[in-house]
Amino acid sequence: TESIFNEDSNTKIRNLQIIHEVNIIKNERDRAAAMANLKHDFLANMSHEIRTPMNAIIGFSQLLSSKVNDETLQTYIEAITSSGKSLLGIINDILDLSKIEAGRLSLELESTNIIELFREIQNIFMYKIEEKGLEFIMEIDENLPMGLVLDEVRLRQVLVNLVGNAVKFTESGYIAIKASRVITDIDTSKIDLKIEVVDTGIGIEEGQKENIFKAFIQQSGQSTRKYGGTGLGLAITKRLVEMMNGDIYVENNHPDGSIFVLVIKNVPISSITNDDIQFSDYKINDLNLNDKSILVVDDIEINRKLIKEYFRNFSIEIYEASNGIQATNVAETNKPDLILMDIKMPEMDGYEATSRIRAISGMENVPIIAL
């Protein structure tokens with residue numbers, strides 16, 4: 001009896017010890033998960049606050065550059081602007097990755113024209129491409145539907161990352177972006193979209209093809225001093241493509257260039273006609289803004305000051321408001337021609353202010369731009 005009693009007691013003790021250890025592991029796991037969520041939530045929520053001072057630094061540096069003639073001072077200003085843009089790029093990458101990991105990033109699907117999107121990408125990089133003496137090639141399959149339902153903003157972000165890398169790592173030759181449809185017999189209202197970004201740059205070693213899509217990892221042997229970067233661009237690109245029900249991989253002829261291929265599956269076809277496509281070719285100096293009025297709404301004074309400086313050379317009446325309540329009152333009294341609206345503000349945010357301004361007689365159709 002004593003032997004059985006001792007055995008039962010030992011078993012109970014062992015079981016209690018196991019339960020205790022399991023609870024410790026569970027608590028540690030929960031604590032780690034909570035800390036990870038806290039980090040992601042912090043970075044996701046701090047997006048506005050982190051970017052705001054950088055926008056002011058870059059904005060005022062650019063304004064100062066147009067007013068300074070001294071070559072030495074111009075060099076200093078260019079260094080400030082360039083460094084500010086680099087830092088803002090790093091901040092944007094970290095915030096985007098954090099939002100994806102925290103599940104805070106969602107897709108906004110809309111009818112998208114691939115031809116127009118490709119032309120935008122060409123315009124973004126045209127100066128750098130011409131500066132390096134590269135050729136830019138754009139190929140779009142004539143069988144590709146004109147309108148596709150995609151998240152245009154995120155697809156543009158993916159292409160900017162890929163084409164930006166191609167331009168950065170290519171010293172001679174060409175950059176090409178191609179779009180085609182992958183033939184499927186499943187559903188005639190949907191297609192598989194294939195996009196390729198081709199370059200004649202340094203290429204990617206065979207053993208590095210998978211690593212380059214990992215966060216904070218760059219190709220082995222790549223000169224960080226020469227090419228810069230955080231190693232986040234392709235990691236974000238891969239996550240975004242996967243969110244769009246796609247896949248991305250690399251084909252290359254190392255060391256004679258790379259081919260980045262992304263395939264987005266089951267993309268719905270939308271109806272777009274030639275009349276819906278508008279290619280803007282205006283110049284900013286052709287805009288006639290004289291004798292117009294603009295309401296600038298932002299709770300941060302330095303942002304309002306920066307916007308006012310942008311319009312200094314125009315004969316424009318500028319009204320200011322630091323929150324949604326003030327904005328509504330100013331809009332009702334002065335009936336501005338345009339409103340530049342901050343979103344995140346105390347007392348009343350931009351969404352509520354916009355809704356109330358729209359209800360004011362005579363303000364139903366005034367453009368309100370989220371800035």
For a 4.5 angstrom cut-off between non-hydrogen side-chain atoms, does [X] reach [Y]?
X	Y	result
Ile212	Phe260	yes
Ile368	Ile357	yes
Lys238	Asp247	yes
Lys132	Glu171	yes
Phe136	Ile177	yes
Leu150	Glu110	no
Asn245	Asn266	yes
Lys178	Ile140	no

Point-to-point distance, once rounded to the nearest 0.5 Å, from [atom1] of [X] to [atom2] of [Y]:
X	Y	atom1	atom2	answer
Thr237	Leu262	OG1	CG	9.0 Å
Leu295	Ile339	CG	CD1	5.0 Å
Gln122	Leu117	CD	CG	12.0 Å
Leu148	Ile269	CG	CD1	7.0 Å
Asn303	Asn55	CG	CG	7.0 Å
Ile318	Lys292	CD1	NZ	13.5 Å

Under 3.5 Å donor-acceptor, Asn113 side chain and Met146 backbone: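 Yes, Asn113 side chain to Met146 backbone: donor-acceptor pair under 3.5 Å.
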Short side-chain to backbone donor-acceptor contact, Thr200 and Ser172, under 3.5 Å: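 Judged by distance alone, yes, a pair lies under 3.5 Å.
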Presence of salt bridge, [Y] and [X], under 4.0 angstrom:
X	Y	value
Glu131	Lys128	yes
Glu320	Lys308	yes
Arg119	Glu116	no

Residue pair Ser65 / Glu78, side-chain donor-acceptor N/O under 3.5 Å: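 Short answer, no.
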Distance-only polar pair, side chains of Ser322 and Asp299, donor-acceptor under 3.5 Å: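 Asp299 and Ser322 do not have a side-chain donor-acceptor pair below 3.5 Å.
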Derivation and outcome, salt bridge (charged side-chain N to carboxylate O under 4.0 Å, His left out), residues Arg156 and Glu152: CA-CA 6 Å; Arg156 184 186 292 105; Glu152 183 177 345; 2.9 Å; yes
Criterion side chain to side chain contact (heavy atoms under 4.5 Å, CB included) on Leu371 and Ile307, from CA distance to verdict: CA-CA 10 Å; Leu371 186 63; Ile307 294 167; 3.3 Å; yes
Verdict with reasoning, Thr328 to Met348, per side chain to side chain contact (heavy atoms under 4.5 Å, CB included): CA-CA 10 Å; Thr328 305; Met348 182 188 292; 4.2 Å; yes
Listed partners of Ala166 passing side-chain contact (heavy atoms from CB on, under 4.5 Å), at least two apart: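 Expected list: Ile175, Val197, Asp199.
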Atom of Val149, atom of Ser270 and distance for their closest heavy-atom approach: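 For Val149 versus Ser270, the nearest heavy atoms are CG2-CB, 3.8 Å.
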Ile316 versus Ser293, closest heavy-atom pair with distance: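 That would be CG2-CA, 4.4 Å.
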Met345/Asp298 under side chain to side chain contact (heavy atoms under 4.5 Å, CB included): CA gap, chis, key distance, verdict: CA-CA 7 Å; Met345 297 181 292; Asp298 200 306; 5.6 Å; no
Salt bridge (Lys or Arg N to Asp or Glu O under 4.0 Å) contacts in which one or both residues fall within residues 352-371, not counting sequence neighbours: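 Matches after skipping sequence neighbours: Glu352-Arg356.
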Within one Ile-Leu-Val-Met-Phe-Trp-Tyr cluster: Tyr310 and Phe60, side-chain cutoff 4.5 Å: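 Per the 4.5 Å side-chain linkage, Tyr310 and Phe60 are co-clustered.
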Audit row: Phe118, Leu159, side chain to side chain contact (heavy atoms under 4.5 Å, CB included) steps and yes/no: CA-CA 9 Å; Phe118 275 23; Leu159 292 176; 3.8 Å; yes
Check against salt bridge (charged side-chain N to carboxylate O under 4.0 Å, His left out), Glu28 and Arg31: CA-CA 5 Å; Glu28 289 298 324; Arg31 189 178 294 112; 2.7 Å; yes
